[in-house]
Amino acid sequence: MIASGIHAQRARIRISTIIVQAASLYSNLMLRVRFAPSPTGFLHVGSARTFIFNWLYARRHGGTMILRIDDTDLERNTEQSLQSIFEGLEWLGLDWDEQYRQSERLALHRQMAESILAKGLAYRDFTPAGSADEAETGHSGGAWLSNPGQREISAEESDRRAVAGEPFVLRFRVPRTGEEIRFHDAVYGDQSKSTDDIEDFALLRSNGVPTYHLASCADDADLRISHVVRGQDHLTNTFKHILIFRAAGVEAPQFAHLPLLIAPDGSKLSKRKHGPVVSVTTYRDAGFLPQAFINFLCLLGWSPKDDREKMTREELVQVFSFEGINRSNAVINFTEENPFDAKALWLNAEHIRTMAAAELAEQLMPVVESAGFTITPEKMAQIIPLIQERIHLLRDVLTVGDFFFVTELPPYDSAELIPKKGDAALALRVLEKALETLATAEFTHDGLDAALRAAAENLGIKAGQMFEPIRVAVCGRKTAPPLFGTLEVLGRETCLARIERAISKLK
RNA sequence: GGCGCUAUCGUCUAACGGUUAGGACGGAGCCCUCUCAAGGCUUAAAUACGGGUUCGAUUCCCGUUAGCGCUACCA
């Protein structure tokens, strides 16, 4: 009896844990976040980071990631910009579960506007667009709150003028009671603002198209978005959104605002002012690895708090949380000479160094080929160990390993061939000795090592003095990957030919 | 102008109210070494300012200053 009682209790405990797990699974299914770009430019690095944080949060908790194109600004939207957004996200390898386009949901937005109007919580403003006195007729020298007289127009008159076809803007009737609007932000904490400081913002433009505020809230409500994760530039807009949700009778989502990414001079990143460094595709084209770029972006405004820097996407998913997001804007460093942030470069190099050689080779092949060189996968595989820890960007393969790809070395100054503490005569002696040595040496790293060191000893010079002219003869410059491996990969024939060229240059 | 937000090395950041204020990038130097990298070691470098509260403040409160955001029929 006792035993079965214990069993029953255990069973009960098990059932209760199952219920808890089910409940948490259920709430995760209900966790829905969205990235809502407006297609008025290419995918911006700041937008990319916003996408990433949303994505990490969704993936961390088994929620749903939604891509919503906020294209209510008809004049400024472009198809090209939309493509750029997709292109950027595709490169980053980030996916989403549902996709919507705001312009296809206008009916829903208008419906919400109408319901707010029907409740008397919005009103028609018949002030002609761009009235000169609009800005000045506000309250007591402070902010503009509404156009005079418009709030007071009776419902009957308003309806009549609307039916008569008089154009109007639908404005939210912000309560003038001095109420404090409050919400809790997962990053910035408790926020409050008096309705006295919130103007009667527009819901519908005079052409009937919803504004951002309305469309965004209507869609967030309809799509059952549970967490709105977006740039801090929307922090003060959130009070308006709270008002809209309340007026529409729906529960507001949770909010998490992100500190902004800014330029070294403290201004916000803009294409006009800062050029291509603000576009995600620029990083792709320069040879950043998507995982490294994501890693870099995550470290701007967020920290795992345990001194980790290099993290894979999987690690990021595991440790991401709003608690790690800080509140001050983060500078992304770049100058005219160095367009990429040094830390981004370092992180990219770090990711490249820890990559499997085969994977790196696969990434490098198209870079080399698109530069007009032909190279076999076998050759590339041999080159990898020589360059892997020497490149920061994929495209660096072209400057670090160029001499592997060309048949004819680009011209170089023959003075480069002369070693330190030596003269042209020494260089010549070295190269002639090298020619002789390499003609017969075993063409492996160790074989070359032994043969060339022996040759140096034979000439009575230091190994370094021996290697330097050979390196320049073979690579065309003084800084290059380690010599023996390089010679081995290049092969006897090429090496001998290049050394002969060097000798004739010296003569 | 009004309102809101923010403030730690050059930059990204860490620090239950008690630390010699930590790490990373970048800089400088040394070691390793066939050059370049990589790696190892060392080093310079910060709590914006002024008041409180407290035995004790980078941390909490107030003010100043600075920066940013919003203040559109942009998003």
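Lettering of chains follows the sequences in order, A, B, ..., and the numbering in each one begins at 1.
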pair A:V430-A:Q465: side-chain heavy atoms closer than 4.5 Å: no

So for A:E309 and B:rG23, does any side-chain atom that can act as donor or acceptor lie under 3.5 Å from a complementary atom in the base? yes

Students often get this wrong, so: under 4.0 angstrom with heavy atoms, is A:P482 touching a base, only sugar-phosphate, or nothing? base

Quick note, A:R171 side chain, CB onward, closest among B:rU13, B:rC73, B:rC3 is B:rC73

Verify the contact: side-chain N or O of A:N326 to OP1 or OP2 of B:rA7, cut-off strictly under 4.0 Å; return yes or no. no

So A:D200 and A:R173, salt bridge (Lys or Arg N to Asp or Glu O under 4.0 Å) or not? Walk me through it. CA-CA 6 Å; A:D200 286 352; A:R173 190 188 298 276; over 6 Å; no

Whole-Å distance, A:L299 CG to B:rG23 C1', equals 11 Å

Students often get this wrong, so: under 4.0 angstrom with heavy atoms, is A:H234 touching a base, only sugar-phosphate, or nothing? base

Under 4.0 Å between any heavy atoms, over every strand shown, what does A:F168 touch: base, sugar-phosphate, or nothing? Just pick one. nothing

Proximity of A:F320 and A:W302 rings by center, below 6.0 Å: yes

Could you list the residues that satisfy ring-ring contact (aromatic ring centres under 6.0 Å, His included) with A:Y212, not counting sequence neighbours? A:H234, A:H241

Between C1' of B:rC25 and NE2 of A:H351, the distance in whole Å: 14 Å

What nucleotide among B:rU13, B:rG4, B:rA38 has an atom nearest to a side-chain atom of A:Q191? B:rG4

Does A:D197 reach a base, just sugar-phosphate, or nothing at all? Heavy atoms under 4.0 Å. sugar-phosphate

Categorize A:K305 for me: base, sugar-phosphate, or nothing, with a 4.0 angstrom heavy-atom threshold over every strand shown. sugar-phosphate

Expressed as a whole number of Å, how far does the P atom of B:rC25 sit from that of B:rG39? 8 Å

When the distance from CD1 of A:I332 to P of B:rC25 is rounded to whole Å, what number comes out? 18 Å

With sugar-phosphate meaning primed atoms plus P, OP1 and OP2, does A:G301 contact a base, only sugar-phosphate, or nothing at under 4.0 Å between heavy atoms? sugar-phosphate

What's A:S206 touching, base or sugar-phosphate or nothing? Going by heavy atoms closer than 4.0 Å. base

Presence of salt bridge, A:E309 and A:K343, under 4.0 angstrom: yes

In whole Å, what separates the C1' atom of B:rA46 from that of B:rG23? 14 Å

Nearest-angstrom distance, C1' atom, B:rU13 to B:rU8: 9 Å

Distance criterion of 3.5 Å, no angle test: do you see the side chain of A:R327 paired donor-to-acceptor with the base of B:rC5? no

Look at all strands and tell whether A:V331 reaches a base, only sugar-phosphate, or nothing, counting heavy atoms closer than 4.0 Å. sugar-phosphate

With nearest nucleotide decided by heavy atoms, which residue, A:R453 or A:W302, maps closer to the 5′ end of RNA chain B? A:W302

Counting the atoms with a prime plus P, OP1 and OP2 as sugar-phosphate, which does A:N237 contact under 4.0 Å by heavy atoms, base, sugar-phosphate, or nothing? base

Report which part of the nucleic acid A:S194 touches: base, sugar-phosphate, or nothing (heavy-atom distance under 4.0 Å, all strands). nothing

For atom P, what is the distance between B:rU19 and B:rG56, given to the nearest Å? 14 Å

Describe the nucleic acid contact of A:L483 in one word from base, sugar-phosphate, nothing, applying a heavy-atom distance below 4.0 Å. base

Roughly how far apart, to the nearest Å, are B:rG4 and B:rU42 at atom C1'? 46 Å

Distance, P atom - from B:rU59 to B:rG51, rounded to whole angstrom: 14 Å

Criterion side-chain hydrogen bond (donor to acceptor under 3.5 Å, both in side chains) against A:D185, the qualifying member of A:Q191, A:Q254, A:H257: A:H257

Heavy atoms only, 4.0 Å cut-off, all strands: where does A:P481 land among base, sugar-phosphate and nothing? base

Results of side-chain hydrogen bond (donor to acceptor under 3.5 Å, both in side chains) for A:N458 - residues two or more places apart only: A:K433

Geometric cation-pi criterion, A:K505 with A:Y412: 6.0 Å, 45°: yes

Counting the atoms with a prime plus P, OP1 and OP2 as sugar-phosphate, which does A:R477 contact under 4.0 Å by heavy atoms, base, sugar-phosphate, or nothing? nothing

Residues within residues 460-473 of chain A bordering RNA chain B, heavy-atom distance below 4.0 Å: A:F467, A:R471

So A:Q388, base contact, sugar-phosphate only, or nothing? Heavy-atom distance under 4.0 Å. nothing

